[in-house]
Amino acid sequence: MPATTSIRIDQTLYDQAKADAAAEHRSIAGQVEYWAKIGRAALDNPDLPVSFIAESLASMAERREDASPFVPRSRSQ
């Protein structure tokens, strides 16, 4: 089990995390961790849209057995 640490955050941020966590079926801590991962990746890759980063992280978390194979579009001529 990973180690945990308590931190203090603004009540407004906590309330937003609580609402988003419920909608996304995550714990509040899981929601804040998710935001932190996206934020870190966005800072590391400022040329990428945040939506692309979020979708990429989601696809990396997907079980390989549940993934759809990539099928390239055929070139139209």
Side-chain angles (χ1 to χ4, degrees):
M1 176 179 240
T4 61
T5 303
S6 295
I7 61 169
R8 292 181 184 265
I9 61 172
D10 179 75
Q11 186 65 43
T12 303
L13 180 61
Y14 177 86
D15 293 340
Q16 291 171 339
K18 184 176 181 180
D20 284 6
E24 297 292 330
H25 306 288
R26 293 187 183 102
S27 67
I28 297 169
Q31 184 65 39
V32 173
E33 289 172 3
Y34 174 73
W35 285 342
K37 285 179 187 177
I38 291 175
R40 180 76 258 168
L43 288 171
D44 290 345
N45 300 281
D47 54 325
L48 297 177
V50 173
S51 60
F52 178 82
I53 292 169
E55 290 171 9
S56 296
L57 291 174
S59 70
M60 289 169 44
E62 189 175 82
R63 291 179 355 150
R64 200 164 190 62
E65 300 81 36
D66 297 337
S68 308
F70 174 75
V71 179
R73 290 187 234 168
S74 61
R75 294 185 178 141
S76 57
Q77 295 183 5

Asks: Determine which pairs satisfy salt bridge (charged side-chain N to carboxylate O under 4.0 Å, His left out) with at least one residue from residues 43-56, sequence neighbours left out, and list them in order.
Replies: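 Every salt bridge (charged side-chain N to carboxylate O under 4.0 Å, His left out) pair that includes a residue of residues 43-56, provided the two are not neighbours, is R40-D44.
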Asks: Report whether I9 and I28 are members of the same hydrophobic cluster (ILVMFWY, side-chain heavy atoms less than 4.5 Å apart, transitive linking).
Replies: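 Shared cluster, yes.
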Asks: May I ask you to test the Y34-Q31 pair for a side-chain heavy-atom distance under 4.5 Å?
Replies: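 Y34 reaches Q31 side chain to side chain.
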Asks: With hydrophobic residues grouped by side-chain heavy-atom distances under 4.5 Å, do I38 and L43 end up in a single group?
Replies: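 Each belongs to a different hydrophobic cluster.
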Asks: List for me each residue that meets salt bridge (Lys or Arg N to Asp or Glu O under 4.0 Å) alongside R64, sequence neighbours excluded, and say none if there are none.
Replies: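 Counting only residues at least two positions away or on another chain, R64 forms no salt bridge (Lys or Arg N to Asp or Glu O under 4.0 Å).
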Asks: For S27 and A21, which heavy atoms make the closest approach, and how far apart are they?
Replies: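 The answer is O-CB, 3.5 Å.
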Asks: I'd like to know if V50 and F52 are part of one continuous hydrophobic network [Ile/Leu/Val/Met/Phe/Trp/Tyr, side-chain heavy atoms within less than 4.5 Å].
Replies: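 Both belong to a single hydrophobic cluster.
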Asks: For residues S59 and S56, report the shortest heavy-atom separation together with the two atoms involved.
Replies: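 Looking at all heavy atoms of both residues, the closest pair is OG-O, 2.8 Å.
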Asks: What is the distance from atom CD of Q11 to atom CD of Q16, rounded to the nearest 0.5 Å?
Replies: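 Separation between the atoms: 11.0 Å.
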